[in-house]
Amino acid sequence: MRPGVRPARATTMTEAIHPELHSGSDAGGQPGSRGIVPRAAAVGLVLIVSTALNVLNRQYTLDDALIYYRYVQNAISGHGLVYNWGEYVNGLTSPLYTYLSLAFAFVVRDVALSQMVLAWLLLSGSAVTVLFLRPGRGPLTPGPVFAALGIVSMRYFYSVVGLETPLLMFLLALALALFLRGRTASWMIAAALLLLTRGESLFLVLALVAAHVRLHRPFPGWRLWIIPVAILAGHYTFNVGYFGSPFPATLLAKIQQGESGLWETGRWGKHLIFLSVGYHFERYFAGSVILLAAPVLLALGGIIAGRREILTQVIVVFLLLYTAFYVALSIPNYHWYYASYYFFMFVLAGGCIDACFFRRERLPAGPGDRVAGVLMTLLCAGLLIWQTAFSVRELPHAGGYGSYTEIALWIKHHTPPDAKIATAEIGHVGWFSDRYIIDILGLVSPPNAALIGQRKFDAWLQYYTPDYILVHDPLWKHEVSAEGLLARGLFTDTPGFAFPGYRLLTAVSVHPDSVFRGDPGERP
């Protein structure tokens with residue numbers, strides 16, 4: 001930095017669009033006279049909506065989230081941080097979320113309840129942090145209020161309960177807020193925590209580093225690196241010592257799932273499967289073009305209005321890198337991977353709303369501006385009410401993954417306690433059945449993920465010999481190994497199992513070596 005030149009200060013969305021709202025102080029100036037909504041009122045409204053919808057959603061269960069539940073339950077029960085007793089396989093995608101889940105579960109002693117509370121706190125926290133992205137202590141402009149309420153009222157964000165997604169959103173917002181305030185030491189710590197939440201958040205860190213350089217901020221001194229490096233080093237040291245590897249098995253599993261082509265859908269093919277999100281339309285937007293198009297168009301308007309502003313640039317760069325990563329690796333289109341898009345959709349939409357409310361800088365509002373403000377207010381209120389009403393109607397009936405809960409309870413009551421169950425979706429079956437689980441797709445059962453990636457769909461039987469195999473009827477492509485077992489008379493349908501769309505196959509003879517053998521053995 002040149003002597004005598006003051007570092008440029010990062011601005012926020014609303015400051016860039018209408019700088020009359022900011023005094024210019026680096027410490028966070030007071031907003032101008034056009035602030036409209038008291039912060040306390042906005043925070044209270046966000047908490048009311050979030051609390052009400054979380055209560056409605058309290059029975060929701062997500063299959064992949066129940067993998068976390070089982071790990072945590074085993075840990076607090078004294079069996080170790082494992083999925084199957086005695087097998088130290090790291091099937092946990094998010095280390096930081098795992099640690100938080102363990103802390104809450106140790107206090108509450110009820111894993112399911114602790115997860116619901118944690119999800120409520122993190123979703124509420126992420127929305128409240130959006131309200132504080134802009135420095136200042138006075139009233140808020142309409143944009144951040146719309147963004148925060150849009151986040152807590154959208155059904156999508158209640159479909160990821162039990163996963164690390166709410167934590168990711170909270171830390172994304174926190175890192176941005178700290179960065180915009182120039183608190184380098186703090187946002188570096190937040191960045192380290194982000195990396196322990198989801199590895200893909202590396203792309204936000206890279207975008208922040210690029211913005212840091214662009215703003216001519218001094219490079220962080222060595223002291224600022226101590227805490228972030230210690231956080232990461234402590235975790236990876238634990239992973240190596242406990243699981244024998246610094247990285248979770250799920251990292252390879254998701255990549256191998258993409259390579260397998262099993263999630264290929266129609267014209268999208270294997271490499272563009274991540275862009276196949278048509279199922280979101282009915283599930284999260286009530287099948288309404290308006291409910292989908294309105295926030296998307298507002299977000300595009302926010303990008304245009306704030307294109308010269310640091311926050312917008314960081315968000316856009318992050319989302320572009322994030323998308324390129326998922327598309328390049330052909331990662332399946334699981335719905336929880338899209339949280340960043342919806343989260344920042346509302347943040348950017350808030351920028352567009354503020355631009356519409358405050359169209360001219362330092363000019364009094366004219367009649368046209370007042371009319372535009374009224375129309376924008378009605379549009380935003382209508383969208384939020386519609387979205388909230390859809391969530392209220394749907395959330396009490398969400399989750400469950402078909403008959404999986406009932407199937408798992410049937411297995412629990414009709415199979416021996418030491419039975420080994422193989423299945424392609426392990427969440428509900430593992431959590432409710434309390435049985436040893438063989439994961440055909442390899443999230444918690446090595447080396448099945450690599451075999452799936454090589455399209456060797458029955459090779460997992462060289463490593464595991466299950467007592468039962470739960471499959472779909474008709475069979476999924478993942479489950480073709482069952483055809484050969486049935487044809488050779490090694491497995492048969494289980495008497496009394498009557499769940500439409502599913503079959504539970506029983507081994508004709510029980511094998512005592514059903515657990516992971518480590519090396520290929522003789523096929524059954």
Side-chain angles (χ1 to χ4, degrees), residues 63-112 114-115 118 122 162-165 167-168 171 189-202 225-257 420 426-427 430-431 434-451 460 463-464 514-519:
D63 203 67
D64 278 55
L66 293 177
I67 299 174
Y68 276 113
Y69 286 29
R70 180 155 152 156
Y71 267 96
V72 172
Q73 184 63 61
N74 281 336
I76 67 174
S77 299
H79 303 299
L81 190 59
V82 295
Y83 189 80
N84 290 315
W85 294 6
E87 293 185 1
Y88 290 84
V89 178
N90 186 1
L92 298 163
T93 304
S94 174
L96 183 59
Y97 187 72
T98 301
Y99 300 147
L100 280 176
S101 297
L102 284 169
F104 270 73
F106 271 116
V107 173
V108 179
R109 308 306 297 183
D110 183 320
V111 174
S114 67
Q115 287 291 308
L118 187 56
L122 292 171
L163 292 179
E164 68 277 1
T165 311
L167 175 61
L168 174 67
L171 289 174
I189 294 173
L193 296 176
L194 268 171
L195 292 175
L196 291 186
T197 301
R198 280 203 73 90
E200 302 93 310
S201 58
L202 170 66
W225 292 89
I226 294 176
I227 297 179
V229 170
I231 290 172
L232 295 174
H235 162 69
Y236 289 118
T237 300
F238 167 77
N239 258 15
V240 171
Y242 197 84
F243 294 111
S245 171
F247 304 109
T250 51
L251 179 64
L252 172 64
K254 297 301 183 184
I255 294 174
Q256 296 294 347
Q257 287 177 10
K420 281 76 177 180
I426 66 173
W431 175 250
D434 196 25
R435 294 295 183 267
Y436 180 96
I437 298 296
I438 300 168
D439 180 10
I440 294 174
L441 300 184
L443 292 179
V444 299
S445 300
N448 294 358
L451 298 172
W460 64 275
Y463 295 84
Y464 298 93
S514 300
V515 296
F516 178 49
R517 291 195 285 268
D519 292 303

Are Trp85 and Asn74 close enough, and set up right, to give a side-chain contact (heavy atoms from CB on, under 4.5 Å), and what steps lead you there? CA-CA 8 Å; Trp85 294 6; Asn74 281 336; 3.1 Å; yes
So Leu81 and Leu92, side-chain contact (heavy atoms from CB on, under 4.5 Å) or not? Walk me through it. CA-CA 10 Å; Leu81 190 59; Leu92 298 163; 4.0 Å; yes
Mind running side-chain contact (heavy atoms from CB on, under 4.5 Å) on Ile438 and Asn448 for me, showing each step along the way? CA-CA 9 Å; Ile438 300 168; Asn448 294 358; 4.2 Å; yes
Yes or no on side-chain contact (heavy atoms from CB on, under 4.5 Å) for Leu96 and Leu171, after CA distance, side-chain angles and deciding distance? CA-CA 11 Å; Leu96 183 59; Leu171 289 174; 3.8 Å; yes
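The shortest non-hydrogen separation linking His235 to Pro95 is CE1-CB, 3.1 Å. Heavy atoms only, all atoms of each residue included: Ser94 and Leu196 are closest at OG-O, 3.6 Å. Of all the heavy atoms in Gly427 and Ile67, the pair that sits closest is CA-CG1, 4.3 Å. Nearest heavy atoms, Val444 versus Gly91: CG1-CA, 4.2 Å. Residues Pro446 and Val89 come closest through the heavy atom pair CD-CG2, 3.8 Å.
More than 12 heavy atoms of other residues, nucleotides or ligands sit less than 6.0 Å from atom CD1 of Ile226.
Counting only distance, with no hydrogens or angles, the side chain of Tyr69 and the backbone of Asp64 share no donor-acceptor pair below 3.5 Å. In this structure, Ser201 contributes its side chain and Arg198 its backbone to a donor-acceptor pair below 3.5 Å. In terms of modelled atom types and a separation under 3.5 Å, the side chain of Asn84 and the main chain of Ile437 share a donor-acceptor contact.
Looking only at atom types and distance, the side chain of Glu164 has no donor-acceptor partner in the side chain of Thr93 under 3.5 Å away. Side-chain contact check for Tyr436 and Glu87: at least one donor-acceptor pair (N or O, by modelled atom type) lies under 3.5 Å.
At a threshold of 4.5 Å between non-hydrogen side-chain atoms, the residues Val111 and Phe104 do not count as touching. Looking only at side-chain heavy atoms (C-beta outward), Tyr97 and Gln115 come within less than 4.5 Å of each other.
Between the CG atom in Leu441 and the CG atom in Leu443 there is a gap of 6.5 Å [rounded to 0.5 Å]. A distance of 9.0 Å separates OG in Ser114 from CD in Gln73, rounded to the nearest 0.5 Å. Taken to the nearest 0.5 Å, the CG atom of Asp110 stands 8.0 Å off from the CD1 atom of Ile76. Atom CG in Leu202 sits 10.5 Å away from atom CG in Leu194 (nearest 0.5 Å).
A tilted orientation is assigned to the rings of Trp460 and Tyr464, their planes being inclined by 30° to 60°. Aromatic ring orientation, Tyr83 versus Tyr71: tilted (interplanar angle from 30° to 60°).
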